[in-house]
Student: 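Mind looking over this structure? Questions follow.
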Amino acid sequence: MGYQVENINKVEQAILIGVEPKNTPLKSSKVFLDELEFLATTAGAKTLKRFVQRLDHPNPKTYIGQGKLEEVAAYIKVHDIDLAIFDDELSPSQIRNLEKEVTCKIIDRSSLILDIFAKNARTAQARTQVELAQSEYLLPRLTGMWTHLQKQKGGIGMKGPGEKEIETDRRVIRDKISKLKADLKKIDNQSVTRRKSRETKKRVALVGYTNVGKSTLLNLLAKSDVLAENKLFATLDSTVRKVVFPPTEFKPRPTIFLLSDTVGFIRKLPHQLIESFKSTLDEVKEADILLHVVDVSHPQFEEQMNTVSETLMDIGAANKPIITVFNKIDQYNPDATSDDIFEDEAIYDLATLKKTWMAKLNENIVFVSASKKKNIDELKSMIEKNLEN
Ligand SMILES: Nc1nc2c(ncn2[C@@H]2O[C@H](COP(=O)(O)OP(=O)(O)OP(=O)(O)O)[C@@H](O)[C@H]2O)c(=O)[nH]1
Ligand SMILES: [Mg+2]
């Protein structure tokens with residue numbers, strides 16, 4: 001397949017299209033599309049406009065209704081839009097119908113997430129997992145309708161790991177899927193061996209929604225330098241670091257454990273990805289304790305917590321001891337809208353936070369700021385206490 005150099009750094013002009021149930025409060029619908037826009041930005045697109053239609057279910061034929069679709073199609077023509085991004089996974093027939101009306105490239109939430117994963121995959125394991133998920137997503141959608149993508153060549157929705165173009169030939173994809181599965185099996189066996197050799201040590205896994213500060217916490221606790229940035233899915237592999245809390249006055253022996261950081265979760269994570277990232281998530285499944293990191297400054301952190309709990313159930317890791325780490329307390333402000341940015345000191349101090357409903361969830365709750373290094377000692381002693389049991 002061709003390698004289209006001119007596409008690599010081009011900022012694609014995008015519009016976002018979402019559907020929301022009639023009774024959704026306006027504020028939360030804005031936040032859902034905020035997340036889609038953050039995904040689009042992370043993938044390298046610039047969002048020019050959002051279209052939201054109030055429908056209880058997406059239209060099975062065209063996702064949005066005919067009238068709205070005409071409005072969208074007209075906007076795309078007038079403003080020379082490259083990319084129409086839909087907030088849900090589109091069925092093969094929805095894509096086919098939309099293609100008849102929409103002149104630009106059509107991308108759904110799943111393929112956008114897959115694209116970001118492809119861009120961020122570094123290790124052989126992550127690359128293979130992403131490529132497998134992409135191929136499985138694409139295969140049922142290839143019956144003639146993704147021809148517009150083939151014509152467009154390259155750009156968002158067409159990037160495989162390492163900025164390669166993804167394959168669009170049906171037969172080649174089928175062969176590739178079997179090969180990728182075989183490759184993954186080999187890689188998984190190696191990881192199993194590696195994990196076995198660490199079996200004697202206690203293991204703690206960081207889990208949480210994407211961009212909540214998991215890697216920042218790992219770096220802080222393990223004094224390492226894993227990539228942490230304000231992007232979605234900066235981390236795709238699992239990194240494991242040895243952590244040593246030195247002995248103290250009250251504790252004659254050091255606490256030693258392995259801490260792992262792994263891929264973050266998100267609403268409507270494509271099921272192909274969960275499936276192919278199962279082995280990466282084994283690190284979570286085999287941990288003794290989970291640190292569930294929450295970005296308490298996010299306007300929808302409660303929904304994010306639910307998404308994480310559901311995903312933990314999906315991967316069979318829901319019944320582990322969990323320490324809930326409310327992070328980013330330096331920016332916590334429950335009265336803010338998502339547009340407010342706080343540079344100054346938080347208006348909620350620790351004592352106030354400890355009186356909130358969050359503090360009362362159970363006894364394993366801690367409020368920290370990983371980047372500002374606030375209240376990390378309490379987190380450390382909570383980990384120690386839980387490892388002793
Ligand atoms: N204000 C504030 N920002 C923080 C805090 N902790 C982390 N961040 C920032 O949040 C962003 C995401 O941090 P990461 O550590 O990359 O988050 P992650 O959970 O590993 O994200 P993914 O790997 O992308 O899923 C970065 O810009 C961090 O600097 C905090 O306590 N306060
Ligand atoms: Mg990370």
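None of these values were measured; they are calculated from a predicted model. Just follow the structure's listing: the first ligand is 1, and inside any ligand the first atom is 1.
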Student: Only heavy atoms of Q331, strictly under 4.0 Å: list the atoms of ligand 1 that pass.
Tutor: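 Answer, ordered by atom number: 1 (N).
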Student: Specify the protein heavy atom at minimum distance from atom 24 (O) of ligand 1: its residue, its atom name, and the distance to 0.1 Å.
Tutor: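 Answer, as residue, atom name and distance: A234 N, 2.7 Å.
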Student: With respect to atom 6 (N) of ligand 1, which of T42, N327, I266, L220 exhibits the smallest heavy-atom separation?
Tutor: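 It is N327 whose heavy atom sits nearest to atom 6 (N) of ligand 1.
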Student: Around atom 10 (O) of ligand 1, find the nearest protein heavy atom and jot down its residue, atom name and distance.
Tutor: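 Minimum-distance protein heavy atom for atom 10 (O) of ligand 1 reads K328 NZ, 3.0 Å.
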Student: Applying a 4.0 Å heavy-atom criterion (strictly less than), which segment of L232 is in contact with ligand 1: side chain, backbone, both, or neither?
Tutor: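 Backbone only.
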Student: Counting each atom of ligand 1 from 1 as listed, which ones have a heavy atom of K231 under 4.0 Å away?
Tutor: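 Here the atoms of ligand 1 in question are 24 (O).
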Student: What I want to find out is whether D188 reaches K181 closely enough, with some N-O distance under 4.0 Å, to be called a salt bridge.
Tutor: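 Salt bridge flag = no for K181 with D188.
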Student: Would you say that L206 contacts L259 through its side chain, given a criterion of any heavy-atom pair below 4.5 Å between the two side chains?
Tutor: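 Sidechains of L259 and L206: in contact.
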Student: Is any side-chain N of the basic residue among D295 and K328 closer than 4.0 Å to the acidic one's carboxylate O?
Tutor: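 Yes, charged N to carboxylate O under 4.0 Å.
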Student: If you count the atoms of ligand 1 from 1 in the order shown, which ones are under 4.0 Å from a heavy atom of T210?
Tutor: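 Atoms satisfying the 4.0 Å criterion: 22 (P), 24 (O), 25 (O).
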Student: Evaluate the side-chain contact (heavy atoms from CB on, under 4.5 Å) criterion for residues V19 and D87: first the C-alpha distance (whole Å), next the side-chain angles of each, then the deciding distance (0.1 Å), finally the verdict.
Tutor: CA-CA 7 Å; V19 159; D87 193 32; over 6 Å; no
Student: Short check: any N/O/S atom of S215 below 2.8 Å from the Mg ion (ligand 2)?
Tutor: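 Yes, since at least one N, O or S atom of S215 sits under 2.8 Å from the Mg ion (ligand 2).
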Student: Looking only at protein heavy atoms, identify the closest one to atom 17 (O) of ligand 1 and say how far it is in Å.
Tutor: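 Heavy-atom neighbour on the protein nearest atom 17 (O) of ligand 1: G213 N, 3.0 Å.
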Student: Measure the acute angle between the ring planes of Y332 and F301, then classify it against the limits of 30° and 60° as parallel, tilted or perpendicular.
Tutor: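 If you compare the ring of Y332 with that of F301, the planes turn out perpendicular.
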Student: Taking N or O atoms only and a 3.5 Å limit, does I329 qualify as a polar contact for ligand 1?
Tutor: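 So ligand 1 has no N or O lying under 3.5 Å from an N or O of I329.
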Student: I'd like to know if the side chain of D108 and the backbone of L90 have a donor-acceptor N/O pair within less than 3.5 Å.
Tutor: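 Side chain of D108 to backbone of L90, a donor-acceptor pair under 3.5 Å: yes, one is there.
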Student: Give the residue, atom name and distance (to 0.1 Å) of the protein heavy atom nearest atom 16 (O) of ligand 1.
Tutor: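 Nearest neighbour among protein heavy atoms for atom 16 (O) of ligand 1, to 0.1 Å: E229 N, 3.1 Å.
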Student: What is the nearest protein non-hydrogen atom to atom 18 (P) of ligand 1, stated with its residue, atom name and distance?
Tutor: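 Of every protein heavy atom, K214 N, 3.5 Å lies nearest to atom 18 (P) of ligand 1.
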Student: Is any N or O atom of V368, backbone or side chain, closer than 3.5 Å to an N or O atom of ligand 1?
Tutor: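 In fact, backbone or side chain, V368 has no N or O that close.
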Student: Indicate the ring-plane relationship of F117 and F277, choosing parallel, tilted or perpendicular according to the 30° and 60° boundaries.
Tutor: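 It falls in the perpendicular class, over 60°.
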Student: Would you mind telling me if ligand 1 is within reach of the side chain of D330, the backbone, both or neither, using heavy atoms under 4.0 Å?
Tutor: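 It is the side chain that gets close, since no backbone atom is under 4.0 Å.
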Student: Look up atom OG1 in T210 and atom CZ in R267, then write down how far apart they are to the nearest 0.5 Å.
Tutor: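 With rounding to 0.5 Å, OG1 (T210) is 14.0 Å from CZ (R267).
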Student: Please name the pair of heavy atoms, one in E89 and one in S110, separated by the smallest distance, quoted to 0.1 Å.
Tutor: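 That would be OE1-OG, 2.5 Å.
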Student: At less than 4.0 angstrom from any non-hydrogen atom of S369, what atoms of ligand 1 do you find?
Tutor: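 Checking each atom against S369, I get 30 (C), 31 (O), 32 (N).
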Student: Are D314 and T311 linked by a side-chain donor-acceptor pair shorter than 3.5 Å?
Tutor: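 No, no side-chain donor-acceptor pair sits under 3.5 Å.
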Student: Among all protein non-hydrogen atoms, which one is nearest to atom 21 (O) of ligand 1, and what is the separation to 0.1 Å?
Tutor: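 Ranked first by proximity to atom 21 (O) of ligand 1 is N211 N, 3.0 Å.
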Student: With atoms numbered from 1 as shown, which atoms in ligand 1 lie under 4.0 angstrom from a non-hydrogen atom of S371?
Tutor: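 Matching atoms, with element in brackets: 2 (C), 3 (N), 4 (C), 5 (C), 6 (N), 30 (C), 31 (O), 32 (N).
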Student: Between V263, T216, D261, N219, which one has a non-hydrogen atom sitting closest to atom 29 (O) of ligand 1?
Tutor: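 Checking each option, the heavy atom nearest atom 29 (O) of ligand 1 is found in T216.
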Student: Taking all non-hydrogen atoms of both residues, which atom of A121 and which atom of V130 are closest, and how far apart?
Tutor: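 Closest approach of A121 to V130: CB-CG2, 4.1 Å.
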